[in-house]
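In what follows, chains are A, B, ... by sequence order, proteins preceding strands, each numbered from 1.
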Amino acid sequence: MPYNPKEIEQWYKENYKYFFGEGDKILIIDTPPPYPAPLWHIGAALSYALQDFIARGFRKLGYKVIFPEGFDGNGIPIEMYLEKYEKIPFGSIDREEYIKKCRQILDSWREKMDKILKDLLLSMDFEHRYNTDDPEYRALTQKTFAELWEKGLIYEAEYPINYCPHCKTAIADAEIERKIKKTKLVYIKFKIKDSDDYITVATTRPELLGACKAIIVHPDDERYKKYHNKIAIVPYYNREIPIIPHKMADPNFGTGAVMICSYGDWVDVQIFRELQLKPEKIIDENGRLTIEPVKGLTTKEGREKMIEVLKQLGVVEKIEEIEHSVPVHERCETEIEIIPMKEFYLKQLPFKEEIKKLSKEIEFIPERYRKNLENWIDSITIDWPISRRRWYATEIPLWYCPKCGYIHVAKDGKYHQPWKEEMVCPRCNTKMVGETRVLDTWMDSSITIYYLIKKYSKILGIDEEGLFNNYTLRPQGYEIIRTWLYYTLLRVYQLTGKKAFDFVVINGMGLDKHGRKMSKRYGNVIEPETLLEKYGADTLRYWFAMEISIGEDYRINEQKIAGIMKFMNKVWNIANYISQYQYRETQNLKPTDEWIINYVKYLENKAIEYIRNFEFNKLARELYRFVWDVFANHYIELTKKRAKNNDDSAIYALYFVFERVLNMLSIFSPGIAKYLAKKLYNKDIEKEKLKYWGKVRLDLLYKGEKLIEFNNYVWKLKTSQGKKLKDPISIEIPKELEIFKEDLILLHNIQ
RNA sequence: GGGCCCGUAGUCUAGGGGUAUGACGCCGCCCUUACAAGGCGGAGGUCCGGGGUUCGAAUCCCCGCGGGCCCACCA
């Protein structure tokens, strides 16, 4: 019967039941809840295989492992989808309907992804799946909001904030990406008051001229020293503004003179604050300009219009085409504007040092990503804006009394929707107004571990504190260190005073075989379903285990995957070979058999170390070499004739070694391992732990290497002499291999 | 501008002071009763370049060159 992954894996899935593992220690894996999408990136899907190696590996080390299944759902992506593909723009239908629609689509995607997770043969707790957009989960988010509100860590304030004109909501720094774009650098002449002189500034934002409140030049810039603290006149608007020396002006860029507007970028914000200038709000919440001559235009349109106007005034000195990086919203790639808005903030500045201290107590795998987190923490300059003007997210659980001004926060632990839920002021009995805004989705995702501790302490019947004091592990990609990891550390610390994780394991990204990112644009996207269908999960997973070095990007090369399928076939055939013999025991092991048994014990001892250090690729590679190059090619060949004569020792060794192999293999390729172990040993190999065998006989391992060398030598000799491998040969057996004499004579037909 | 990572056969990779791992591909021989999805053998490399440390460098240090990532206010 040939190897048929489909049949085996189907059998596996049908018999699957979640198993925590047996042991005193508990490891909680804070599985990333993926954001649902109609197409799942192969790299994202495979990252769950790495988590499964950790889960299965640690169960084999004697841990109870919590490996939950969860999905995200809150936030802007689904709303973007609705707008783009369902042609339902935000605000075009009733809020209730809109939310229902989002949920429906998300759920249908989640079913597909759930199937992929199961097809990957993950040892996940599929029975207790959670969604961050479930009422139960959102209730917890709201409860934590109320807690922090009561502690005074949340406040509302009007500050300039990153605003996405497309999504019509404020966003946090962590949600911003930078894109290199071509733009015009416009050189504009400003007249100096009471003089015929003028000063030229270079700007990429001429449309903001109406909000220009100052010009800065570098204090040491000789060209402009004569203008320090003089007054310049803004063209078109004829407003008088000061020319101020400030070290933020770079003499080497443009003309060295910079116009400061409310707000072109965060430098402007900083300087307005420092110089206590009065900001002018000239962009509205639709991203449109509000003053002439650009009233009603978008910033892009306004830019062109303003250039025309300034040209007619004769104040444009020149225009250069430059490339520079502009901040865009990571979800929709729209250029962000900085607009003063009234939003809720969660205090994070006072926690910077404490979070940095916590990060030093966390073990990062690999270590270098700790710096990545620390760099981000260092770069934080404002508190976290957490309110969003969207619909599909967790509602801010607040009501306002129009009469007495009382603000009610829901802290009953239930899920609330203030935009439709009526509330009467407990102080003056007036009907209150519900908050319509929602929370940044990271407010939900940053408490996954907090949620899981609560949930699994109930399932396992352990108190929360006790569960938290075990081991927590966060697996995730490096691209969300500044968001998911950082926000989780912050939130969990604010809620519990503890570090969220003992371990952070960073996975790399899956690239195509040439090392390029996969994207629709290049046409190099591989879907998980395709590979699963073609090679099966056991093969895909084993390939992945061999391929990845934790924290490094890896390339997906189908030829290699196909190569690993041959390995599965090899394992299958070894089982086939062994199964022709009846299991038997012996007290008298022959040297060749003792050698191979020592070898596999040595490997299993090493496996324990490898798993502790998250070095799955090393284990997978060594197991591969052992099974194929040592066990199959040398050991089985050496003992074939002896086994055929029903030699107890040989048959015992075959069974013994292969069981240890299946035990290790079941971490990576659980389908085939479980199937074969059931067949040959009638055991559930998934539930077997790894065994530490103590000292092994290194002298035998050494002799074994010599044995392999000798076999290769004889085979080479026969080949070079044009003999067949079974032809007789006359050759002296080296002294150190004397103990293997019986098997060597049979294998090589030595006369 | 700051920080981090990576350059090893046609392709991809392991190793991180002492004759350079392995996979895929390529070439030759072999259907040897577990396996042709196999076995045996073979060709293929100034380990990016240049200096230094050393008896000895792919490996450690410095300087380049090339690629990638993260952060930062270049208007």
Around A:Y702, counting heavy atoms of other residues, nucleotides and ligands shown, do more than 12 lie under 6.0 Å from its OH?
-> no

CG of A:L725 versus P of B:U33: gap in Å, rounded?
-> 12 Å

Kindly assign one of parallel, tilted or perpendicular to the pair A:H748 and A:F710, based on the angle between their ring planes and the thresholds 30° and 60°.
-> perpendicular

Of the candidate nucleotides B:G3, B:A34, B:A75, which contains the atom at the shortest distance from the side chain of A:D265?
-> B:A75

Would you indicate what A:R482 reaches in the nucleic acid, counting non-hydrogen atoms under 4.0 angstrom: base, sugar-phosphate, or nothing?
-> sugar-phosphate

For nucleotides B:U33 and B:A23, find the distance between their P atoms and express it as a whole number of Å.
-> 24 Å

Does any donor atom in the side chain of A:R474 or A:T488 lie under 3.5 Å from an acceptor atom in the other side chain?
-> yes

Among B:C35, B:G3, B:C40, which is the nearest nucleotide to the side chain of A:W715?
-> B:C40

Quickly work out the A:F631 CZ to B:G39 C1' distance and round it to whole Å.
-> 17 Å

Closest-nucleotide 5' rank along RNA chain B - winner of A:E637 and A:K618 = A:K618

Could you please name the option among B:A75, B:A34, B:C12 that lies closest to any side-chain atom of A:R555?
-> B:C12

Figure out the CG/P separation between A:N576 and B:U33, and round it to whole Å.
-> 15 Å

What about A:K371, does its side chain sit under 3.5 Å from the base of B:C4 through a donor-acceptor pair?
-> no

A:N557 CG to B:G25 C1', in whole Å, measures 10 Å

Remember a base hit wins even if backbone is also touched, and classify A:N372 as base, sugar-phosphate or nothing at under 4.0 Å, heavy atoms.
-> sugar-phosphate

Rounded P spacing from B:G45 to B:C71 in Å | 42 Å

Which part of the nucleic acid does A:K718 contact within heavy-atom distance under 4.0 Å: base, sugar-phosphate only, or nothing?
-> nothing

Kindly say if A:S379 contacts the phosphate of B:A72, meaning a side-chain N or O under 4.0 Å from OP1 or OP2.
-> yes

How is A:R621 classified with respect to the nucleic acid when contacts are heavy atoms under 4.0 Å: base, sugar-phosphate, or nothing?
-> sugar-phosphate

Could you give the distance separating B:G7 and B:G15 at their P atoms, to the nearest angstrom?
-> 10 Å

Any side-chain donor-acceptor pair under 3.5 Å between A:N749 and A:D727?
-> no

In the structure shown, which nucleotide is the Watson-Crick or G-U wobble counterpart of B:C40, with both distances under 3.5 Å?
-> B:G28

Nucleotide opposite B:C4 in a Watson-Crick or G-U pair, distances under 3.5 Å | B:G68

Nearest-Å distance, CD1 (A:I480) to P (B:C69)?
-> 17 Å

Look at all strands and tell whether A:I636 reaches a base, only sugar-phosphate, or nothing, counting heavy atoms closer than 4.0 Å.
-> base

Quick one: is A:K716 getting a side-chain N or O under 4.0 Å of the B:C40 phosphate, OP1 or OP2?
-> no

Hey, what's the ring geometry for A:F626 with A:Y599, parallel, tilted or perpendicular (30° and 60° as the breaks)?
-> tilted

Using a heavy-atom cut-off of under 4.0 Å over every strand shown, decide if A:N633 touches base, sugar-phosphate, or nothing.
-> sugar-phosphate

Contact under 4.0 Å: A:K570 side-chain N or O vs B:G39 OP1/OP2 | yes

Residue A:A632, side-chain heavy atoms: nucleotide from B:C5, B:A34, B:C69 that is nearest = B:A34

Name the nucleic acid region contacted by A:W543, choosing base, sugar-phosphate or nothing; use a 4.0 angstrom heavy-atom cut-off, strictly under.
-> nothing

Between A:W715 and A:K724, is there a cation-pi geometry (under 6.0 Å to ring centre, at most 45° from the normal)?
-> no

Would you mind pulling out the nucleotide paired to B:A23, Watson-Crick or G-U wobble, both distances under 3.5 Å?
-> B:U11

Which one, B:G39, B:G25, B:A34, comes nearest to the side chain of A:K640?
-> B:A34

Write down the distance separating the C1' atoms in B:A9 and B:G25, rounded off to the nearest Å.
-> 12 Å

Closest to the A:D250 side chain, choosing from B:C74, B:G38, B:C35 = B:C74

Report the relative orientation of the aromatic rings in A:F668 and A:F616; use parallel for angles under 30°, tilted for 30 to 60°, perpendicular for over 60°.
-> perpendicular

Which comes earlier along RNA chain B counting from the 5' end, the contact point of A:R368 or that of A:D268, where each point is its nearest nucleotide?
-> A:R368

A:G508 near the nucleic acid: base, sugar-phosphate alone, or nothing, with a heavy-atom cut-off under 4.0 Å?
-> nothing

Span that lies between the P atom of B:G44 and that of B:U21, in whole angstrom = 15 Å

Figure out the CZ/C1' separation between A:R370 and B:C5, and round it to whole Å.
-> 17 Å

Looking at every strand, decide which applies to A:A575 at a 4.0 Å heavy-atom threshold: base, sugar-phosphate, or nothing.
-> nothing

Side-chain donor-acceptor pair present, A:Y486, A:Q348, cut-off under 3.5 Å | yes

Would you mind reading off the distance between A:D378 atom CG and B:C71 atom P, rounded to a whole angstrom?
-> 13 Å

Rounded to the nearest Å, what distance is computed from the OH atom of residue A:Y624 to the P atom of nucleotide B:A23?
-> 6 Å

Is there a Watson-Crick or G-U wobble partner for B:U33 with both distances under 3.5 Å, and if so, which one is it?
-> none

Exercise: do A:S47 and A:N507 side chains pair donor with acceptor under 3.5 Å | no

Using the P atoms only, state how far B:G67 lies from B:C24, rounded to an integer number of Å.
-> 32 Å

Could you measure between the two C1' atoms, the one in B:G2 and the one in B:C73, and give it in whole Å?
-> 14 Å

C1' atoms of B:C4 and B:A43, separation to the nearest Å | 40 Å

Of the nucleotides B:A75, B:C71, B:A34, which has the atom closest to the A:T203 side chain?
-> B:A75

Residue A:Y3, side-chain atoms from C-beta onward, closest of B:A75, B:A37, B:C40 | B:A37

Touch class at under 4.0 angstrom, heavy-atom based, for A:K560 against every strand present | base

